[in-house]
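Some notes on the structure that comes next.
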Amino acid sequence: MNETKQQRKEREHQEDLQRLKELRPIDDDFMRCLFKDNIPLAEQVLRIIIGKKDLVITDCQTQKDMKRLGGARSICLDAYGRDSENKKYDLEIQRTDKGADPHRARYHSSVMDIENLDAGQEFKELPETYTIFITEKDFYGKGEPFYIVERVNLTTGKNFEDGEHILYVNGEYRGDSDLGKLMHDFNCTDAKDMNFSLMAERTRYLKENPKGVEEMCRSMEDMRNEADLAARKNVARSFILMGELSYEKIAKGTELPIEEIEKLAEERALD
């Protein structure tokens, strides 16, 4: 017997409630709610990672879209913040090695540069930027708590000092330092096992408070819808590339508006 729409929705809701119990801060769908409208937590995490105890975060956004013009690939930042010195921070959670590829770090950093320099500004007005990947596994396999990537002038042996900083944080690292304790917390499913109260309080709210649970369930439903939309767009792109079906038939088969099919076709033409 086929499920009704309401039955499917209820089943998915129950599955989300069960899945919520196992989510950790290092899981993307939990992390986006963990840092949402939570400047104190973002500030604490960045203070520990950057090693600057007086760092003050003035703005923090989760799932920040940075759309590029001219057909260039857009990105969505996990957490994007600015401090009191106008330095910019992109904090990314990466569960797989593929997601932490150095080319991705390079692209994220370059997109932040474009985002932060308007027409007419001098290049020297570019703010310092930090692209930070927290990886579930030790990406470089050296057992270090983090890996700092900076441009170096190979001839002089000195740092290039262009204001770009890339950091890989080892999510497997454990130790008595604040960073070791923080990585422990990022991998916890239960608030009572966490070291830092800000992380624990927000985790407890999202997992135990009815309003927090509702917020998490909405977020998981949104992510499921986003994944479904992305899958249908990929199918549409394949049909557009084949060139055997009209846009109207592709729209009907993928349940996408004809305007979306035309947009995807235009993007394909620009590639």
Side-chain angles (χ1 to χ4, degrees), residues 9 11-49 57 59-65 75-81 89-100 104 108 131-139 146 167-174 178-230:
K9 190 171 182 179
R11 174 179 57 78
E12 290 174 343
H13 178 65
Q14 292 302 320
E15 290 172 352
D16 287 344
L17 289 175
Q18 185 61 37
R19 185 162 164 263
L20 176 58
K21 297 177 182 178
E22 304 302 320
L23 288 178
R24 308 160 298 165
I26 205 166
D27 295 311
D28 183 62
D29 33 6
F30 193 67
M31 183 263 197
R32 69 162 62 181
C33 285
L34 196 71
F35 284 93
K36 183 180 179 182
D37 301 323
N38 198 332
I39 288 178
L41 179 58
E43 188 174 80
Q44 183 181 52
V45 169
L46 287 173
R47 282 180 175 181
I48 293 171
I49 292 174
I57 294 296
D59 177 59
C60 182
Q61 303 173 58
T62 56
Q63 299 299 296
K64 164 73 173 176
D65 284 312
I75 59 174
C76 183
L77 308 186
D78 287 345
Y80 178 68
Y89 301 86
D90 169 22
L91 182 63
E92 297 290 316
I93 300 294
Q94 298 297 336
R95 295 281 310 279
T96 66
D97 286 352
K98 180 181 178 182
R104 181 170 186 159
H108 274 240
T131 301
I132 303 166
F133 282 2
I134 300 179
T135 59
E136 184 172 23
K137 302 298 181 183
D138 184 353
F139 186 76
F146 54 81
L167 288 84
Y168 281 75
V169 183
N170 177 7
E172 286 187 301
Y173 178 73
R174 301 292 182 271
D178 282 348
L179 185 62
K181 294 174 181 177
L182 181 65
M183 290 304 99
H184 168 271
D185 287 5
F186 262 94
N187 285 274
C188 284
T189 60
D190 197 325
K192 66 179 176 58
D193 298 325
M194 294 180 170
N195 295 291
F196 295 99
S197 60
L198 287 175
M199 183 85 78
E201 288 168 7
R202 183 63 176 168
T203 297
R204 189 173 293 111
Y205 171 77
L206 293 171
K207 290 198 173 199
E208 300 175 20
N209 185 294
K211 290 184 178 179
V213 171
E214 181 181 356
E215 182 180 339
M216 272 304 309
C217 286
R218 281 200 307 269
S219 177
M220 286 190 280
E221 183 178 1
D222 288 344
M223 291 190 75
R224 188 162 50 246
N225 292 337
E226 289 170 9
D228 175 68
L229 178 60

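Position 1 is the first residue of the sequence, and the numbers go up from there.
Looking at heavy atoms from C-beta onward, Met183 lies in side-chain contact with Arg174 at the 4.5 angstrom threshold. Side-chain contact between Leu91 and Ile49 is present, with at least one heavy-atom pair separated by less than 4.5 Å. Proximity of Cys217 to Leu17: side-chain heavy atoms (C-beta onward) are separated by under 4.5 Å at one or more points. Arg95 has its side chain out of reach of Asp28: every pair of non-hydrogen atoms, C-beta onward, lies at least 4.5 Å apart.
With hydrogens and angles ignored, the 3.5 Å screen pairs a side-chain donor or acceptor of Asp185 with a backbone N or O of Asn195. Under a 3.5 Å cut-off, the side chain of Gln94 and the backbone N or O of Phe133 do not form any donor-acceptor pair. Under the 3.5 Å distance criterion, the side-chain polar atoms of Lys207 are matched with a main-chain donor or acceptor of Thr189. Tyr168 contributes a side-chain N or O that, together with a main-chain N or O of Ala100, makes up a donor-acceptor pair within less than 3.5 Å. Side chain of Thr135 to backbone of Val169: a donor-acceptor contact under 3.5 angstrom is found. Under the 3.5 Å distance criterion, the side-chain polar atoms of Arg202 are matched with a main-chain donor or acceptor of Cys33. Between the side chain of Asn187 and the backbone N or O of Gly171 there is at least one donor-acceptor pair closer than 3.5 Å.
Crowding of Asp37 atom CG: a count of heavy atoms from other residues, nucleotides or ligands under 6.0 Å not exceeding 12. Open room surrounds CZ on Phe146; 12 or fewer heavy atoms of other groups in view lie less than 6.0 Å from it.
For the atom pair Glu15 CD and Arg224 CZ, the distance stands at 7.5 Å (nearest 0.5 Å). Residue Gln61 holds its CD atom at 13.0 Å from CG of Asp78, rounded to the nearest 0.5 Å. Expressed to the nearest 0.5 Å, how far CG of Asp65 lies from OH of Tyr80 amounts to 12.5 Å. With rounding to the nearest 0.5 angstrom, the CG atom of Asp27 is 9.0 Å from the CD1 atom of Ile93. In this structure, the separation between CZ on Arg24 and CG on Asp190 is 13.5 Å, given to the nearest 0.5 Å. Between Lys137 atom NZ and Asn170 atom CG the span is 10.0 Å, to the nearest 0.5 Å.
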Query raised in the report: After noting the C-alpha distance and the side-chain angles of Tyr173 and Asp138, does the key distance pass the side chain to side chain contact (heavy atoms under 4.5 Å, CB included) rule?
Result: CA-CA 8 Å; Tyr173 178 73; Asp138 184 353; over 6 Å; no
Requested in this report: Determine, step by step, whether Ile132 and Leu46 satisfy the side chain to side chain contact (heavy atoms under 4.5 Å, CB included) criterion, reporting the C-alpha distance in whole Å, the side-chain angles of both residues, the deciding distance to 0.1 Å, and the verdict.
Outcome: CA-CA 9 Å; Ile132 303 166; Leu46 287 173; 3.6 Å; yes
Requested in this report: Begin from the C-alpha positions of Met220 and Glu12 and carry the test side chain to side chain contact (heavy atoms under 4.5 Å, CB included) through to its verdict.
Outcome: CA-CA 10 Å; Met220 286 190 280; Glu12 290 174 343; over 6 Å; no
Report task. Run the numbers on Phe186 and Met199 for side chain to side chain contact (heavy atoms under 4.5 Å, CB included), then give the verdict. Result -> CA-CA 9 Å; Phe186 262 94; Met199 183 85 78; 3.8 Å; yes
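The side-chain contact (heavy atoms from CB on, under 4.5 Å) check on Lys21 picks up Gln18, with sequence neighbours excluded.
Annotation for Lys36 and Thr62: closest pair N-CG2, 3.7 Å, computed over non-hydrogen atoms. Residues Pro25 and Cys188 come closest through the heavy atom pair CD-O, 3.3 Å. Residue Ala79 comes nearest to Met31 through the heavy atom pair CB-CE, 3.9 Å, listed as atom of the first residue, atom of the second, then distance. Taking each heavy atom of Glu43 and Ile57 in turn, the nearest pair found is OE2-N, 2.8 Å. Closest of all the heavy-atom pairs between Phe196 and Leu182 is CE1-N, 3.6 Å.
Here the options are Glu226, Glu92, Glu215, the test is salt bridge (Lys or Arg N to Asp or Glu O under 4.0 Å), and the partner is Arg32; only Glu226 passes.
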